[in-house]
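Proteins come first, then strands; the chains are lettered A, B, ... in the order of their sequence lines, and each starts at number 1.
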Number of protein chains: 2
Amino acid sequence: METSEADGPRRRDAAATRQALLEAASSRFTRLGYDRTTLRDVAADVGVNLALIKRYFDSKEGLFKAALASTPRFLGRDEKFPQDREGLAEALSHQLSAGAWPEFGEHPVLMLLRGSGDERVDALRHKALDEFGRQILEASGGGPAGEDDDERLLRAQLLVALGVGVAVVRSAVGLRPLRDATAGQLAAPLREIVDALLAPPADER
Amino acid sequence: METSEADGPRRRDAAATRQALLEAASSRFTRLGYDRTTLRDVAADVGVNLALIKRYFDSKEGLFKAALASTPRFLGRDEKFPQDREGLAEALSHQLSAGAWPEFGEHPVLMLLRGSGDERVDALRHKALDEFGRQILEASGGGPAGEDDDERLLRAQLLVALGVGVAVVRSAVGLRPLRDATAGQLAAPLREIVDALLAPPADER
DNA sequence: AGGTCAAGTAATCACTCGTTGACATGACTA
DNA sequence: TAGTCATGTCAACGAGTGATTACTTGACCT
């Protein structure tokens, strides 16, 4: 596995060891989920002793939380969150295309969905996805996220669910042609979905 | 837990015991996933000895497969699969509404997503979701599922992904308002999505 | 009543996991 | 060079898991 770079034997560099553990753990948590990820495997990936995980992360829960915190957000890692429907559709099509996130082989949103039993972790992922929905709502241009219009938020969350579903279906099930869909192939359908869901606030009901 | 009916102590009825084990297992597999479901808990739910699981299902894998096989399909349990886009949207809105599937507290599609490590189980869920996509494609009325038009199948699978995502986001994350959305609230957005994705075969490209 | 076999139980085995405390070792400083 | 502390290793414990075997109990048949 050896997620870390292939430099020398990395002798006694706490920061590097910690980072390597974090990356190995992120990979396993994302690919296998919390339960099927064993600390022994993570330590073996890095080539380090099991007990170091306790030293740096205190427990498996701590390791999971650290990995979760180090995971890039669903949208907008470096770039800013798109500010209109068109940009949103394009960003989504890239985020959800095959070949995105080749680093771990799976989409980081999947780690959000792996239960850990800890309610603070649950709160964390809830917050992340809730924020994502509100950002979508705001980007859709329907005014500054009004308060009582749950309907528009519901529509935005349907888009969130679509993103989650695509990640899940592709990686957990491998359904084709969705699994191999490129950004170009996803662009048109996603643009139409975004428009259909978050159409301009012209009174359509 | 006691998923079985609250009749007498059910003395020596193999079929009933087997069925009760199956229901308890389905519930736990759906709610907790494969790993967090222990055979001891399942047996305790039914009030029966652990070894009976081996007798009736041979192994945990066997129990999971049996539970998976007994799970109703994503759409069309008793009723037939809808045959037009309108019916499809309506069926989806009911399937994905809050309060559907109260029996296990979660949507049965979730059990499909819980890994078991067995490749035959993987094949099973892949087939189920693939079939679902093709049924959607057929119901959309774009002819009898042409062969080379992967694009339409891709669009149908996006709808599958949406269904999966809604189930996941609602139950695993509890995101509101999506979590509490009724069929009535889901009807309009879903109809628009279905139409946007599977629009009539008028040449739009 | 007695025989017979399925239905169910109790006890245990082998294994893996997370966790832990004691110990070794390398690097830096005085 | 001796001291010191962070860095890393080692070996083991205890809990929990799925699996397995020998045993007991009840229902049904003649």
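- A donor-acceptor pair shorter than 3.5 Å cannot be found between the side chains of A/Q135 and A/E131.
- Residues A/L197 and A/L162 form no side-chain contact, since every pair of their non-hydrogen atoms from C-beta on lies 4.5 Å or further apart.
- Going from atom CD1 of B/I53 over to atom C1' of C/dA7 covers 15 Å, rounded to whole Å.
- Between A/T17 and D/dT7 there is no side-chain polar atom (N or O) within less than 4.0 angstrom of OP1 or OP2.
- The interatomic distance linking A/N49 (CG) with C/dA24 (C1') rounds to 12 Å, in whole Å.
- The line from CG of B/D180 to CD of B/Q185 is 8.5 Å long, rounded to the nearest 0.5 Å.
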Review item, nucleotides 16-19 of chain C N/O atoms under 3.5 Å of protein N/O:
{"from": "C/dG18", "atom 1": "OP1", "to": "A/T37", "atom 2": "O", "distance (Å)": "3.4"}
{"from": "C/dG18", "atom 1": "OP1", "to": "A/K60", "atom 2": "NZ", "distance (Å)": "2.7"}
{"from": "C/dG18", "atom 1": "OP2", "to": "A/L39", "atom 2": "N", "distance (Å)": "2.9"}
{"from": "C/dG18", "atom 1": "N7", "to": "A/R40", "atom 2": "NH1", "distance (Å)": "2.7"}
{"from": "C/dG18", "atom 1": "O6", "to": "A/R40", "atom 2": "NH2", "distance (Å)": "2.8"}
{"from": "C/dT19", "atom 1": "OP2", "to": "A/K60", "atom 2": "N", "distance (Å)": "3.0"}

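- Rounded to whole angstrom, the span from the CG atom of A/L52 across to the C1' atom of D/dT7 amounts to 7 Å.
- Note that CZ of A/R85 is 11.5 Å distant from CZ of A/R191, once rounded to the nearest 0.5 Å.
- Among the nucleotides D/dT9, D/dT7, C/dT9, the one closest to the side chain of A/R55 is D/dT7.
- Here the C1' atom of nucleotide D/dG18 and the CZ atom of B/R36 are 17 Å apart, to the nearest Å.
- Atom-to-atom, CG of B/L63 to C1' of D/dA19 comes out at 14 Å; the value is rounded to the nearest Å.
- Put simply, CG on A/L178 and CG on A/L186 are 7.0 Å apart, with the number rounded to the nearest 0.5 Å.
- Taking CG from A/L63 and CZ from A/R18, the interatomic distance works out to 9.0 Å, rounded to the nearest 0.5 Å.
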